[in-house]
Amino acid sequence: MKLYALIGHPLKHSFSRDLFTNKFEYEGLDCRYQNYDIQSVERILDIIAEHPELCGFNVTIPYKEAIIPLLDDIDPIAKEIGAVNAVKVENGKTKGYNTDVYGFDKLLERALKGREIEHALVLGTGGASKAVQYVLKQRHIPYSTVSRSAEKGDFTYDTLTDEMLRQSHLIINTTPLGMMPHTDDFPEIHYQALSNKHILIDLIYNPKETAFMELGRTWGAKVYNGWQMFEEQAKRSWELFNE
């Protein structure tokens with residue numbers, strides 16, 4: 001039986017195992033999908049060595065960047081982004097890919113509906129943020145990043161002005177703030193500066209509507225969660241695992 005997996009920490013929020021297990025059962029595939037909630041990225045090497053039936057695995061927070069030095073090969077797009085969320089295992093060798101790019105591009109296309117955006121804000125600077133930034137560059141959408149650390153982003157949450165928020169009609173949350181089980185958390189921006197001109201995208205899909213989305217909707221913004229991105233990147237991962 002072929003083995004596929006999700007690797008990260010924590011994993012209680014993730015629906016990946018359910019999605020792939022349902023796929024395997026529906027299509028009658030002799031495969032299983034396992035979660036590996038690990039405390040150290042180096043543990044991945046042990047998992048690969050212990051499970052020769054492992055054919056591929058997805059990577060989630062906080063290891064999308066840290067896993068790169070452990071891989072035998074990396075796809076050029078994932079290398080440019082600096083983040084990996086899907087790894088193919090073949091004959092004990094690993095190759096990393098970034099399917100978040102594919103998934104987010106599909107979600108963004110749905111959210112924009114052909115609308116042009118003059119400026120976007122990306123909340124967070126981790127592995128998911130890097131995939132989002134790549135897509136924005138490909139679509140020629142100017143953007144700024146917001147981080148808790150001044151050295152990581154263009155702005156911190158304290159220095160992000162209402163005027164910048166008013167001018168940035170696309171705001172994407174790439175942080176885990178608001179993800180199950182911490183559903184009361186949200187990025188600390190001035191939501192009162194938003195309007196019906198704004199589009200808010202949260203990469204989180206569990207819960208279905210985050211506090212970030214609820215606050216945006218209160219001030220008139222159109223809001224989208226990350227479910228479509230999750231589904232699309234999973235489909236692309238499966239294709240890569242089986243090429």
Side-chain angles (χ1 to χ4, degrees), residues 1-26 31-48 50-51 53-68 70 83-87 89 96-100 103-104 107 123-132 147-148 172-188 200-216 223-238 241:
M1 179 181 287
K2 292 181 179 180
L3 173 64
Y4 299 89
L6 175 66
I7 290 174
H9 177 76
L11 297 181
K12 289 182 180 180
H13 69 281
S14 177
F15 289 162
S16 290
R17 182 164 59 182
D18 290 341
L19 185 148
F20 278 101
T21 298
N22 290 339
K23 174 185 176 65
F24 298 157
E25 290 178 354
Y26 181 77
C31 305
R32 66 185 178 95
Y33 196 93
Q34 181 70 41
N35 284 353
Y36 291 98
D37 191 326
I38 59 176
Q39 300 288 333
S40 168
V41 69
E42 288 78 13
R43 173 73 178 123
I44 291 172
L45 298 177
D46 297 329
I47 293 169
I48 294 170
E50 293 164 5
H51 297 280
E53 73 275 25
L54 182 64
C55 298
F57 57 90
N58 297 105
V59 183
T60 189
I61 54 174
Y63 301 129
K64 291 184 180 184
E65 298 163 286
I67 192 175
I68 290 176
L70 305 180
V84 163
N85 74 307
V87 177
V89 184
Y97 299 87
N98 191 299
T99 65
D100 281 339
F104 180 70
L107 172 56
L123 310 182
T125 54
S129 173
K130 290 183 175 182
V132 167
S147 174
R148 289 175 296 182
I172 304 120
N173 176 39
T174 73
T175 79
L177 291 171
M179 185 172 67
M180 286 288 291
H182 305 292
T183 56
D184 292 333
D185 294 344
F186 54 87
E188 294 186 5
L200 269 57
I201 298 176
D202 200 327
L203 300 194
I204 293 170
Y205 59 85
N206 185 14
K208 184 177 179 180
E209 180 152 300
T210 61
F212 171 74
M213 294 168 62
E214 290 175 2
L215 288 164
V223 299
Y224 297 85
N225 68 17
W227 182 258
Q228 182 183 4
M229 175 178 172
F230 166 67
E231 287 190 311
E232 295 288 354
Q233 67 82 22
K235 290 176 186 176
R236 182 62 185 138
S237 294
W238 180 249
F241 294 158

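Gln34 has its side chain within reach of Leu3: a pair of non-hydrogen atoms, C-beta onward, lies under 4.5 Å apart. Within the 4.5 Å cutoff, no side-chain heavy atoms of Lys64 are placed close to those of Lys130. Considering only heavy atoms from C-beta on, Ile61 comes within 4.5 Å of Pro176 through its side chain. For the pair Ile38/His9, no side-chain contact is recorded, criterion being any heavy-atom separation below 4.5 Å from C-beta on.
The one candidate from Phe15, Phe104, Tyr205 that meets the ring-ring contact (aromatic ring centres under 6.0 Å, His included) condition with Phe230 is Tyr205. The only member of Glu53, Arg17, Lys2 that meets side chain to side chain contact (heavy atoms under 4.5 Å, CB included) when paired with Arg32 is Glu53. When Asn225, Val132, Ile172, Asn173 are each tested for a side chain to side chain contact (heavy atoms under 4.5 Å, CB included) with Ile201, only one passes: Ile172.
Qualifying ring-ring contact (aromatic ring centres under 6.0 Å, His included) partners for Phe20, counting only residues two or more places apart in sequence or in other chains: Tyr33.
Here the side chain of Asn206 pairs a donor or acceptor atom with the backbone of His13 at under 3.5 angstrom. Side chain of Tyr97 to main chain of Arg236: no donor-acceptor pair is present (N/O by atom type, distance under 3.5 Å, no hydrogens or angles). In this structure a side-chain-to-backbone donor-acceptor pair under 3.5 Å is present from Thr174 to Leu123. With Thr60 contributing its side chain and Gly8 its backbone, the two residues share no donor-acceptor pair below 3.5 Å. For the pair Asp37 (side chain) and Pro10 (backbone), a donor-acceptor distance under 3.5 Å is absent.
To the nearest 0.5 angstrom, Asn85 atom CG is 4.0 Å from Asp100 atom CG. If you take CG on Leu203 and CE on Met229, they are separated by 5.0 Å, rounding to the nearest 0.5 Å. Rounded to the nearest 0.5 angstrom, Ile44 CD1 and Tyr63 OH are separated by 7.5 Å. Separation of atoms CD1 (Ile67) and CD (Glu42) is listed at 10.5 Å; rounding is to 0.5 Å. Taken to the nearest 0.5 Å, the CG atom of Asp185 stands 10.0 Å off from the CE atom of Met179.
Across all non-hydrogen atoms, the minimal contact from Ala86 to Val84 is O-CG1, 3.6 Å. Closest of all the heavy-atom pairs between Leu6 and Ser14 is CD2-OG, 3.2 Å. Of all non-hydrogen atoms in Ser237 and Thr99, the two that sit nearest each other are OG-OG1, 3.1 Å. Scanning all heavy atoms of the two residues, the minimum distance from Ala83 to Glu65 falls at CB-CG, 4.4 Å. Scanning all heavy atoms of the two residues, the minimum distance from Gly178 to Thr210 falls at O-CG2, 4.3 Å.
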| said: Let's go through Asn58 and Ser16 carefully: what are the C-alpha distance in whole Å and the side-chain angles of both, what is the deciding distance for side-chain hydrogen bond (donor to acceptor under 3.5 Å, both in side chains) to 0.1 Å, and is it a yes or a no? | reply: CA-CA 9 Å; Asn58 297 105; Ser16 290; 5.4 Å; no
| task | Test side chain to side chain contact (heavy atoms under 4.5 Å, CB included) on Val223 and Asp202 and set out the steps. | result | CA-CA 8 Å; Val223 299; Asp202 200 327; over 6 Å; no
| CA sep, side-chain torsions, deciding dist, call: Leu19, Glu231, side chain to side chain contact (heavy atoms under 4.5 Å, CB included) | CA-CA 8 Å; Leu19 185 148; Glu231 287 190 311; 4.3 Å; yes
| request: Quick one: do Leu177 and Phe212 satisfy side chain to side chain contact (heavy atoms under 4.5 Å, CB included)? Show the steps, please. | output: CA-CA 8 Å; Leu177 291 171; Phe212 171 74; over 6 Å; no
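Between Phe57 and His51, the distance separating the two ring centers is not shorter than 6.0 angstrom. Between Phe241 and Tyr4, the ring centre distance stays below 6.0 Å.
Surrounding CG of Asp18 are more than 12 heavy atoms belonging to other residues, nucleotides or ligands, all under 6.0 Å away. For CD of Glu209, the number of neighbouring non-hydrogen atoms (other residues, nucleotides, ligands) closer than 6.0 Å is greater than 12.
Under a 4.0 Å N-O distance rule, the pair Arg148/Glu188 does not qualify as a salt bridge.
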